[in-house]
Amino acid sequence: MLERFWRLLFPLRCPFCGAVLSSGAQCCSSCATRLPYFTQAIPIASDGAEPIMSCAAPFRYEDIVRKSILQLKFHGKRGYAGPLAFYMAQAAGEVFADIHFDIVTSVPLTRVKERERGYNQAALLAKETARRMGAPYAALLQKVKSNEQQHNLPAHLRWRNVQGVYAVRPGSSLQGKRVLLCDDVVTTGATLGQCASVLLASGAAQVNGLVVAAALRKG
């Protein structure tokens with residue numbers, strides 16, 4: 001009853017156009033025909049060389065998907081995380097069908113950046129994805145120093161920009177765990193690769209990535 005009243009006040013909206021959704025829908029019928037589906041495995045390295053993980057993405061980073069991610073990331077549309085995570089979990093189920101993940105985690109922000117934004121969009125996506133997959137979520141990583149925003153850099157400088165930026169949180173238990181690492185977008189894979197390298201060095205048996213969209217670049 002309380003949930004029904006809450007939905008009357010704050011109805012679920014399409015994460016791609018903002019239209020009010022019917023119960024159980026993840027996006028409106030109009031946007032459903034325009035989604036740039038991508039679902040496939042993307043090899044990710046830790047230094048631009050040999051792949052150490054695979055990443056899954058349900059969409060390409062373009063058109064209405066790009067707009068939705070920007071709304072989530074910079075304009076406070078936290079409610080978009082749930083529907084977007086639906087597609088993420090679906091992609092993970094297809095690409096990583098043979099893997100049982102022990103834990104789901106996310107790429108962290110610095111404390112200053114998270115306070116400024118009010119939330120970490122990658123953590124929102126990861127928590128919703130974990131819920132849909134029936135797996136536990138834990139914040140395993142921390143960002144130990146600030147760096148230049150990746151989207152401001154050419155591809156060949158992104159690997160250097162993330163060196164030494166991430167560390168495993170004290171007290172995290174990773175030995176032998178299969179970890180699903182979530183973020184919003186993958187471009188060169190530098191951020192995911194560096195985070196995966198840190199997790200593997202701390203005892204994780206396997207790390208794979210999951211994002212909403214792929215905007216792949218060479219270099």
Validation row: [X], [Y] side chains within 4.5 angstrom (heavy atoms):
X	Y	answer
C182	V104	yes
C28	F16	no
L141	V168	yes
Y37	Y87	yes
V212	V185	no
V112	E116	yes
L199	Y166	no
V95	N208	no

Taking every non-hydrogen atom, the tightest pair across [X] and [Y]:
X	Y	value
V207	A196	CG1-CB, 3.8 Å
G164	V144	O-CG2, 3.5 Å
L21	C14	CG-N, 3.4 Å
I44	G189	CG2-O, 3.3 Å
Y119	K73	OH-O, 3.8 Å
T39	E94	CG2-OE1, 3.4 Å

Worksheet entry | Trace of the side-chain contact (heavy atoms from CB on, under 4.5 Å) decision for L200 with M53 | CA-CA 10 Å; L200 290 167; M53 67 182 292; over 6 Å; no

Worksheet item: Can you hop from L109 to L210 via hydrophobic side chains spaced under 4.5 Å?
Response: no

Worksheet item: Honestly curious: do V107 and L174 fall in one hydrophobic cluster under the side-chain, below-4.5 Å linking rule?
Response: yes

Discussion item. Can you list everything that forms a side chain to side chain donor-acceptor pair (under 3.5 Å) with Y137? Sequence neighbours excluded, please.
Written reply: S106

Under 3.5 Å donor-acceptor, [X] side chain and [Y] backbone:
X	Y	result
S202	V198	yes
N120	K113	no
R78	L124	no
T105	L181	no

Practice prompt. May I have the step-by-step check of side-chain contact (heavy atoms from CB on, under 4.5 Å) for V165 and K143, ending in yes or no?
Written response: CA-CA 6 Å; V165 169; K143 196 168 185 180; 3.3 Å; yes

Got a second to check how far [X]'s [atom1] is from [Y]'s [atom2], nearest 0.5 Å?
X	Y	atom1	atom2	answer
C195	D183	SG	CG	7.5 Å
M88	F59	CE	CZ	10.5 Å
T129	F101	OG1	CZ	11.5 Å
Q206	I52	CD	CD1	11.5 Å
E128	R131	CD	CZ	4.5 Å
K177	I103	NZ	CD1	5.5 Å

Item to complete: Give the intermediate values and the outcome of side-chain contact (heavy atoms from CB on, under 4.5 Å) for residues L72 and D184.
Response: CA-CA 9 Å; L72 167 64; D184 50 9; 5.7 Å; no

Worksheet item: Taking atom CZ of R66 as the centre, does the number of heavy atoms from other residues, nucleotides or ligands within less than 6.0 Å exceed 12?
Response: no

Worksheet entry | Residues which pass salt bridge (Lys or Arg N to Asp or Glu O under 4.0 Å) with R178, listed by chain and number, not counting sequence neighbours | D102

